[in-house]
Number of protein chains: 2
Amino acid sequence: MVSAPVQKIRPVRRERVTISHLADALGLTKGTVSRALNGYPDISDGTRQRVRKQAEVMGYRPLAHAQAIRTGRSRALGLVLQTDIPGAQRPFLSEFLAGLTSAASAENWTLTVATSAGGQEMLNTINRLVDERKADGFILPRTFADDPRMKLLRSLDVPFVLYGRVSDPRGCAWFDILGENAMRDAVQRLADHGHTRIGFVNGGLEYNFSHLREEGFRAGMSQAGLTMDPALLIDGAMTMEAGEEAAERLLAQPKPPTAIVYAVDLAALGAYTTASRLGLEIGTDLSIISYDGIPEGNWASPPLTTFQVDSRAAGERLTKLVIRRIRGADAESLRETAEATLKLGGSDGPPRHTSAQLRQRVLGKTENISQMGGT
Amino acid sequence: MVSAPVQKIRPVRRERVTISHLADALGLTKGTVSRALNGYPDISDGTRQRVRKQAEVMGYRPLAHAQAIRTGRSRALGLVLQTDIPGAQRPFLSEFLAGLTSAASAENWTLTVATSAGGQEMLNTINRLVDERKADGFILPRTFADDPRMKLLRSLDVPFVLYGRVSDPRGCAWFDILGENAMRDAVQRLADHGHTRIGFVNGGLEYNFSHLREEGFRAGMSQAGLTMDPALLIDGAMTMEAGEEAAERLLAQPKPPTAIVYAVDLAALGAYTTASRLGLEIGTDLSIISYDGIPEGNWASPPLTTFQVDSRAAGERLTKLVIRRIRGADAESLRETAEATLKLGGSDGPPRHTSAQLRQRVLGKTENISQMGGT
DNA sequence: ATTTCTTCCGAAACCGGTTTCGGCAAGGGA
DNA sequence: TCCCTTGCCGAAACCGGTTTCGGAAGAAAT
């Protein structure tokens, strides 16, 4: 027996068809083929057709990496998620990603995902992705009123699309849900129920959407012919805890609201805790309408009435926008919006009490509690 | 006035330092520099040090794309999420991604994310990523007992690491949480409460974890000296609806369980609906212990007692494993596990009734309902 | 019949790396 | 002293594309 010679392990991976293979098959040079496929004007229509057809037949797809070293573009989209904010994007993320990637792969693009804490680290991460050509353009979720990511990308001359709007929109593309309309409709709905004292718990004012939602709330109040009491307006509630505290402050007032509009579901869920502590029933003693449509809202009892956002659709549209932007479309022509849709729960309804009656109930309960808590 | 000549828009992007710059600065050729940095043995130690130092000083980092066209490797990890399964990974995803990407960027790698429906489309997606060199290796979440993705990657000779185990583990690396231990401990805890009839609602048997969790359940029963009644064992519950139906079937039996162990939180939440329909109080009339630690569990009342998984840590460890695998480590040496941690809610406690008493309560309620439903 | 444009493609350089090959100089053995 | 290693690096090809440049052939103009 003769021992077989040691053989290098050779991966059986099917060989890719390269531009040279294609060129050989066509009897052209690879330069010509490249120009034909990329729409250069110095290629005759006949040749171009022939090349396209053959490429189709042979299943040729250019290698993005190889293109990238010359062109600087690798057909990849960048998404940097911020991880140090309290659960802000958790519920939407899966759907959002599905939207992004499905639209991306339809165009043969891919998605590069990174995470980082906020501040400078976020900017470093973006810089690295740009520097290493891992992203030709970015999708920026959760825009701040004055967004540093936007400034960075603008100065680097890297295309991006905002998910949300910003205070200074010059030269930037965006997609956004019209949260202000949702807030306006929420107020109108509560007014239709018969509420007259309506509170508003906003998100953090560093986010641009908060300003818009407050505008919407104001518009709703004026549309319903109600007067705004500045004392019923609280901002900065992005978490359950903050939402809980906000509800407490509102209900502790001399003339408490019988209904509260929340700008953020997560915060709205905090109101359930407050209500249960004060012995109030949500939907009757206190009405709540909110915004986002997170799944946890279904699990509150009664389920949260909220304006739901279709995150998957948002992801798809953002992807299409950023690709068009990278391909050279003018930023200001790439602006789209959509509406949130009302999802009925049981958290809103006609008021059972007037504001004054509600005040009495809250006071009674509070005294009970302080008596119980006393020595 | 003389009109200025039309000038091409030149991006001001700071120029990268390339290997040629580095070579020039060192008075070497780029080939030599490349070999020095990549540990070739034909470079003297002195030169190697000198090159490393200069690279550090000049901030040289090789362009992954450029390397890829020769080496086939682009320092990117692939993650393909399945979107057509009911909310399976939704709650964990954000944390999981944070773990993956933070560990990846620590090593200067990036993460390419794609989504797809299951079946052949999933395999096509993986194939595309491999073919286009968008991923040097993959992380496969939610392993099936006999996983087609694994077979594909194995045949393509592409490295991968499983999040979960498989029935045929030859030649593959994995990280997994020991769900079987959690199930065992869940049973023991219920037994310590005084429960003797304990049901088990498993996930879908196509997932490998389900088999392991059932083993764990069995182990717990035997450890607690309890006998297993096959009638109290249901599988295939991955959603709320399925979990609801499973609870209903268990409670409709002649000798219903006073406690149920669920393999999946989402399904366990369905039991709340069943309980409320039957007028049973969870935590007293019926005890529930589950597994996953999804945030919705906190919102059920009482909060769900569950074994929580640290998805972020899982992501980090998986990333490290797959990178080591890509760098050539032997697959079977790359196997790690961790334990889930018990998160106490209010859904379990000592039984208020015996099985027979529970049966009576259920029967009474059911009759009421059918009477009410009658004409 | 020239000359001058156009049209269209080949040739070759280039992008930023990796890898093979060969050769020079120093060292070791005879 | 000569020859053969060995260590170390330069030169050049290569990876899979893109882009610039120039020239041949045909069409149009003179």
Side-chain angles (χ1 to χ4, degrees), chain A residues 8 11 13-52 54-55 58-76 108 131-134 136, chain B residues 8 10-11 13-52 54-55 58-76 108 130-134 136:
Chain A
K8 228 176 183 174
R13 218 175 291 179
R14 181 179 56 83
E15 216 174 317
R16 294 190 87 255
V17 18
T18 71
I19 198 170
S20 297
H21 296 156
L22 189 53
D24 287 349
L26 285 161
L28 297 171
T29 62
K30 58 180 190 170
T32 303
V33 172
S34 173
R35 275 170 300 162
L37 291 174
N38 293 321
Y40 277 62
D42 64 345
I43 301 291
S44 73
D45 282 340
T47 303
R48 196 188 308 281
Q49 298 298 337
R50 209 161 59 88
V51 172
R52 289 232 175 92
Q54 184 72 11
M58 296 178 65
Y60 168 71
R61 277 185 329 212
L63 198 58
H65 295 326
Q67 302 186 113
I69 93 174
R70 191 78 221 262
T71 63
R73 304 243 220 85
S74 54
R75 264 182 285 126
N108 240 295
D131 195 47
E132 302 196 348
R133 315 254 198 283
K134 294 280 192 173
D136 303 339
Chain B
K8 229 177 184 173
R10 188 166 43 91
R13 215 174 294 179
R14 182 180 56 83
E15 216 173 317
R16 296 191 84 254
V17 17
T18 71
I19 199 170
S20 297
H21 296 156
L22 189 53
D24 287 350
L26 285 161
L28 297 171
T29 62
K30 59 179 190 171
T32 304
V33 171
S34 173
R35 276 170 299 164
L37 291 174
N38 292 323
Y40 276 62
D42 63 346
I43 301 292
S44 75
D45 281 340
T47 303
R48 196 187 307 281
Q49 298 299 335
R50 209 161 59 87
V51 172
R52 289 233 175 90
Q54 184 72 12
M58 297 178 64
Y60 169 71
R61 277 185 329 212
L63 197 59
H65 294 327
Q67 301 185 110
I69 93 174
R70 192 78 223 260
T71 64
R73 302 241 220 87
S74 54
R75 265 182 284 126
N108 239 296
V130 171
D131 195 47
E132 302 196 349
R133 315 257 197 281
K134 294 280 191 171
D136 303 339

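Letters A, B, ... are given to chains in the order of the sequence lines, protein chains preceding strands, and every chain is numbered from 1.
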| request: Could you tell me whether the phosphate oxygens of dC9(D), OP1 or OP2, come under 4.0 Å of any side-chain nitrogen or oxygen in T32(B)? | output: no
| field | From CG (L22(A)) to NZ (K30(A)), nearest 0.5 Å | value | 12.5 Å
| said: OP1 or OP2 of dC9(D) versus the side-chain N and O atoms of Y40(B): is any pair under 4.0 Å? | reply: no
| Is there a donor-acceptor pair closer than 3.5 Å between any side-chain N or O of T47(B) and the backbone N or O of I43(B)? | no
| request: Look at the side-chain N and O atoms of R16(A) and state whether any lies under 4.0 Å from the OP1 or OP2 oxygen of dG17(D). | output: yes
| said: For a quick check, tell me whether the side chain of R35(B) and the base of dG10(D) share a donor-acceptor pair closer than 3.5 Å. | reply: yes
| said: At 4.0 Å (heavy atoms only), tell me whether S44(A) reaches a base, stays on the sugar-phosphate, or touches nothing. | reply: sugar-phosphate
| query | If you check every side-chain atom of R70(B), which of dC9(C), dG17(C), dT18(D) has the closest atom? | reply | dG17(C)
| remark: Sorted by position of nearest nucleotide on DNA chain C, 5' first, the leading residue of G31(B) and A66(B) is A66(B)
| field | Nearest-Å distance for atom pair CG/P, residues L22(B) and dT18(C) | value | 11 Å
| message | Would you say T47(A) places a side-chain N or O within less than 4.0 Å of OP1 or OP2 belonging to dC9(C)? | response | yes
| query | Pick the nucleotide of DNA chain D nearest each of D42(A) and S20(A); which residue has the one closer to the 5' end? | reply | S20(A)
| query | What integer distance in Å separates L26(B):CG from dG10(D):C1'? | reply | 15 Å
| said: With a 4.0 Å limit, can you tell me whether R61(B) has a side-chain N or O closer than that to the phosphate oxygens OP1/OP2 of dG16(C)? | reply: no
| H65(A) has an atom NE2; how far is it from atom P of dC14(D), in whole Å? | 23 Å
| message | Would the distance check show the side chain of S74(A) and the main-chain N or O of A68(A) forming a donor-acceptor pair, the cut-off being under 3.5 Å? | response | no
| field | Spacing of L63(A) atom CG relative to dG17(C) atom P, expressed in whole Å | value | 17 Å
| Between R35(B) and T32(B), is any side-chain donor less than 3.5 angstrom from a side-chain acceptor? | yes
| query | Whole Å only: how far is the CD1 atom of I19(A) from the P atom of dC14(D)? | reply | 18 Å
| task | Could you state the atom-to-atom distance from CZ of R73(A) to P of dC15(C) in whole Å? | result | 18 Å
| query | Looking across every strand, which nucleic acid part, if any, lies under 4.0 Å from G27(B) by heavy atom: base, sugar-phosphate, or nothing? | reply | sugar-phosphate
| said: By nearest atom, which of the nucleotides dG16(C), dG17(C), dG17(D) is closest to the I69(B) side chain? | reply: dG16(C)
| query | Donor-acceptor pair, R48(B) side chain versus Y40(B) backbone, under 3.5 Å? | reply | yes
| request: To the nearest Å, give me how far apart CD (Q49(A)) and P (dC8(C)) are. | output: 13 Å
| query | Does R61(A) offer a backbone N or O that forms a donor-acceptor pair with the side chain of R16(A) under 3.5 Å? | reply | yes
| query | Using a cut-off of 4.0 Å on non-hydrogen atoms, how would the nucleic acid contact of T18(B) be classed: base, sugar-phosphate, or nothing? | reply | sugar-phosphate
| note | Rounded to whole Å, the CG-P distance (D24(A) to dG10(C)) equals 12 Å
| Does Q67(B) put a side-chain nitrogen or oxygen below 4.0 Å from OP1 or OP2 of dG17(C)? | no
| request: Scan T71(B) against the nucleic acid and name what it touches under 4.0 Å (heavy atoms): base, sugar-phosphate only, or nothing. | output: sugar-phosphate
